[in-house]
Amino acid sequence: MTGWNTRSAPGVTVRRARASVAEVETSHHAASLAARDMQTWGTLRVSPDAALLPELDTLNARVDDLARNNGVAAGAERTFVDNVIGPRITCKPTPDRVALGKSAEWVDEWSRQVESLFASFADTDWFDAGLRYNFHVSTRLQVRMIAATGECLALPLWTQRNGSRWFTAIQLIDPARLSNPNGAADRPYFRGGIELDQATAAAVAYHIRKAHPGDYLGSIFGGPAEWERIPAYQEWGRRRVLHVFEADRVGQTRGKSVVASVARQFKMFDHMNREQLRLAVLNSLIFAALETPLDPQQIEGIFGDSDDKFGAYRDMLDEWRIQMKGGAMVALPPGTKLNSFAPSQNLAGLEQFATVMLRNIGAGLNMPYELVFRDFSKTNYSSARASLLEAWRYFASVRQFITDHWCNAIYDLWFEEAVNRGMIPDCTPDDYYGNQVAWTRCKWIFAGRGWVDPFKEAKALQIRMQTGVTTLADEAGEQGRDWREQMDQLAREKRYADELGIAWPPAAKASTAPEEAQSDAQDAIDMADEGEAVLSG
């Protein structure tokens with residue numbers, strides 16, 4: 001073999017040696033610097049704050065612009081808020097009776113009383129320091145801020161106002177106001193307007209500008225910009241700032257909008273829509289050129305009495321052009337003919353390309369294409385349900401995040417005031433501060449997710465209840481209802497029907513087709529199996 005290589009032509013040997021060199025010189029192909037498709041991929045490994053904070057204002061400004069001027073982006077934000085929060089939120093106190101040593105009967109009665117008390121705080125505009133929003137509307141607004149900026153900010157205040165039963169009030173703050181005073185550069189333990197503890201990196205204080213940086217009225221008439229330093233907690237532990245955001249990486253100090261990763265695609269989609277509309281307008285028009293066989297000598301002969309013969313000819317053409325209107329019949333100038341043509345730009349393939357782009361945007365938003373763009377024309381029932389179940393997972397995780405970091409924090413702030421004012425049954429301040437988590441545990445019921453096919457899903461629910469794989473509390477909670485209120489309402493309806501001598505609920509009509517009923521039951525079983533498969537996938 002060695003002699004064979006020696007006798008080979010030198011050029012052949014070189015070519016074989018070059019061909020044997022691997023294209024990728026690293027163990028991990030993603031780390032290659034020699035591969036042609038990786039040579040221009042220059043990256044630096046930076047911390048979360050080093051990557052985000054210098055660009056945060058630009059990112060948020062562009063996302064705000066999309067929400068103002070891009071209907072798809074604005075609709076995606078509303079879809080996010082509607083599915084995460086919905087039309088209502090209900091607080092159901094569920095104290096830890098094991099830790100408190102209480103009975104189940106005590107918990108039921110106590111929970112109803114405390115729920116009524118909390119409603120007197122949450123369901124009025126006194127909840128908001130600005131007297132604009134109740135708890136539900138404030139939560140929707142804060143979740144929309146999270147969709148737009150990745151974070152929300154609020155200050156719990158202690159105010160006494162006529163007509164309000166409670167001193168606690170929440171002031172909503174735009175996160176744009178959270179910044180370093182006078183535009184100072186970020187430092188290791190003071191970044192993004194937040195002072196950090198040097199040992200634990202926990203937030204110690206927040207610097208909040210007294211006016212929005214983009215409020216030109218405040219800039220013109222409000223004098224120089226001012227910041228206020230607000231400690232994160234009171235001396236005894238009560239929150240003074242609610243800063244809610246979901247970090248993408250450990251060490252992240254500020255939130256990032258979910259739209260940021262697809263903002264460029266949104267803008268490109270905007271450009272594509274405008275160009276497509278422009279092409280459609282052009283395709284609806286007919287262009288024409290006026291052609292004349294007259295040479296300069298003939299024009300001089302026709303306009304021989306005029307001093308400016310060619311000027312008179314142009315004036316005649318201009319007068320004729322003014323008469324051209326849609327649907328009009330106009331005589332052409334002498335000796336001319338009209339040559340028309342239609343642009344007929346080909347729009348084929350644009351819809352398919354737009355669909356692919358929109359699916360990529362939907363994936364970046366963690367929501368299915370059908371839900372973001374309200375287009376269910378390209379899917380069947382099973383596919384639509386699978387997509388919505390996948391979306392529901394995401395919305396449920398966001399709900400839990402909002403519950404843990406916003407709703408529970410609000411409930412805890414109110415509960416502390418109510419305890420110290422002696423308004424919570426069987427709970428003194430010593431009881432509360434000694435076992436705070438057990439006393440303030442609660443469940444939040446949001447709006448239901450709805451049904452794709454009410455009949456099939458109702459049959460599946462019936463089978464789940466009959467087989468014991470679910471409870472009334474679980475099913476009622478899925479639809480945004482409280483099972484106790486539902487049972488109470490059913491009892492009232494039953495009593496009223498008995499008074500009128502009406503059978504309630506109405507007896508179901510006997511089926512005359514057993515095989516049809518069996519088929520419906522099988523469909524419901526398949527439906528339940530399909531749902532379990534999607535949820536466990």
Side-chain angles (χ1 to χ4, degrees), residues 55-89 132-133 136-153 172-177 212-216 244-246 254-278 280 350-351 353-378 387-388 390-392 394-395 397-399 401-402 406 446-447 449-450:
E55 303 167 357
L56 185 62
D57 288 339
T58 303
L59 282 176
N60 290 340
R62 289 179 174 175
V63 173
D64 288 345
D65 181 74
L66 283 176
R68 286 192 298 266
N69 299 301
N70 185 293
V72 177
E77 281 191 8
R78 288 191 293 269
T79 298
F80 178 82
V81 175
D82 289 341
N83 283 274
V84 171
I85 302 301
R88 62 182 178 275
I89 309 176
R132 295 182 180 90
Y133 321 112
H136 169 250
V137 178
S138 297
T139 303
R140 284 182 60 91
L141 185 56
Q142 293 292 71
V143 170
R144 187 153 190 172
M145 292 300 300
I146 289 176
T149 67
E151 58 187 348
C152 67
L153 189 65
L172 306 184
I173 303 292
D174 192 311
R177 293 170 56 186
H212 192 285
D215 185 2
Y216 72 93
V244 180
F245 70 95
E246 186 172 9
R254 299 289 299 271
K256 184 183 75 172
S257 170
V258 68
V259 184
S261 61
V262 292
R264 188 176 184 183
Q265 286 88 335
F266 264 125
K267 194 63 177 176
M268 295 298 293
F269 182 72
D270 237 3
H271 290 321
M272 189 190 74
N273 273 344
R274 284 199 300 270
E275 294 304 320
Q276 188 171 357
L277 179 60
R278 187 175 290 113
L350 280 177
E351 181 179 358
F353 176 76
T355 301
V356 172
M357 179 179 289
L358 294 178
R359 289 188 184 277
N360 290 337
I361 291 175
L365 296 175
N366 210 10
M367 291 190 287
Y369 161 86
E370 293 82 3
L371 186 61
V372 175
F373 304 103
R374 305 291 200 277
D375 181 11
F376 292 87
S377 62
K378 301 178 178 65
S387 296
L388 294 178
E390 189 66 27
W392 189 251
Y394 172 57
F395 295 138
S397 67
V398 177
R399 279 185 177 181
F401 175 78
I402 297 300
W406 169 257
F446 295 82
R449 62 179 177 179

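Keep in mind the model is a prediction, meaning the values are calculated, not measured.
- The shortest side-chain heavy-atom distance between Leu153 and Asp174 does not fall under the 4.5 Å cut-off.
- Between Ile89 and Thr139 the shortest side-chain heavy-atom distance falls below 4.5 Å.
- Heavy atoms only, all atoms of each residue included: Val258 and Gly364 are closest at CG2-O, 4.0 Å.
- Every residue two or more places apart in sequence or in another chain that forms a side-chain hydrogen bond (donor to acceptor under 3.5 Å, both in side chains) with Tyr369 is listed here: Asp375.
- Atom CG of Asp57 is surrounded by 12 or fewer heavy atoms from other residues, nucleotides or ligands within 6.0 Å.
- A 6.0 Å sphere centred on CZ of Arg144 holds more than 12 heavy atoms belonging to other residues, nucleotides or ligands.
- Of all heavy-atom pairs spanning Glu246 and Phe401, the tightest one is N-CZ, 3.5 Å.
- Here the shortest heavy-atom pairing between Trp392 and Asn83 reads CZ3-O, 4.3 Å.
- You'll find the side chain of Phe395 reaches within 4.5 Å of the side chain of Leu371, heavy atoms only.
- Atom CD in Glu77 sits 7.0 Å away from atom OG in Ser257 (nearest 0.5 Å).
- The nearest pair of heavy atoms linking Gly255 to Glu151 is N-OE1, 3.2 Å.
- Within the model, atoms OG of Ser397 and CG of Asn366 stand 7.5 Å from one another, a figure rounded to the nearest 0.5 Å.
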What do the steps show when you test Ile85 against Gln142 for side-chain contact (heavy atoms from CB on, under 4.5 Å), and what is the final call?
CA-CA 10 Å; Ile85 302 301; Gln142 293 292 71; over 6 Å; no
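- The closest side-chain heavy-atom distance from Val84 to Phe446 is not below 4.5 Å.
- In plain terms, the two heavy atoms of Phe245 and Gly150 that are nearest each other are CB-O, 3.3 Å.
- Counting only heavy atoms from C-beta outward, the side chains of Val372 and Ile361 never approach each other to under 4.5 Å.
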Passes side-chain contact (heavy atoms from CB on, under 4.5 Å), Leu172 versus Tyr133? Steps please.
CA-CA 10 Å; Leu172 306 184; Tyr133 321 112; 3.9 Å; yes
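- Atom OG1 of Thr149 and atom CG of Asn60 lie 5.5 Å apart (nearest 0.5 Å).
- Proximity of Leu56 to Arg254: side-chain heavy atoms (C-beta onward) are separated by under 4.5 Å at one or more points.
- With contacts defined as side-chain heavy-atom distances shorter than 4.5 Å, the pair Val398/Phe80 qualifies.
- With sequence neighbours left out, Arg140 forms a salt bridge (Lys or Arg N to Asp or Glu O under 4.0 Å) with Asp82.
- With His136 contributing its side chain and Arg88 its backbone, the two residues share a donor-acceptor pair below 3.5 Å.
- Of all heavy-atom pairs spanning Cys152 and Pro175, the tightest one is CA-CG, 4.1 Å.
- In this structure, CG on Asn360 lies 13.0 Å from CE on Met268, to the nearest 0.5 angstrom.
- The salt bridge (Lys or Arg N to Asp or Glu O under 4.0 Å) search around Asp65 returns Arg68, not counting sequence neighbours.
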Are Phe266 and Leu365 close enough, and set up right, to give a side-chain contact (heavy atoms from CB on, under 4.5 Å), and what steps lead you there?
CA-CA 11 Å; Phe266 264 125; Leu365 296 175; 4.1 Å; yes
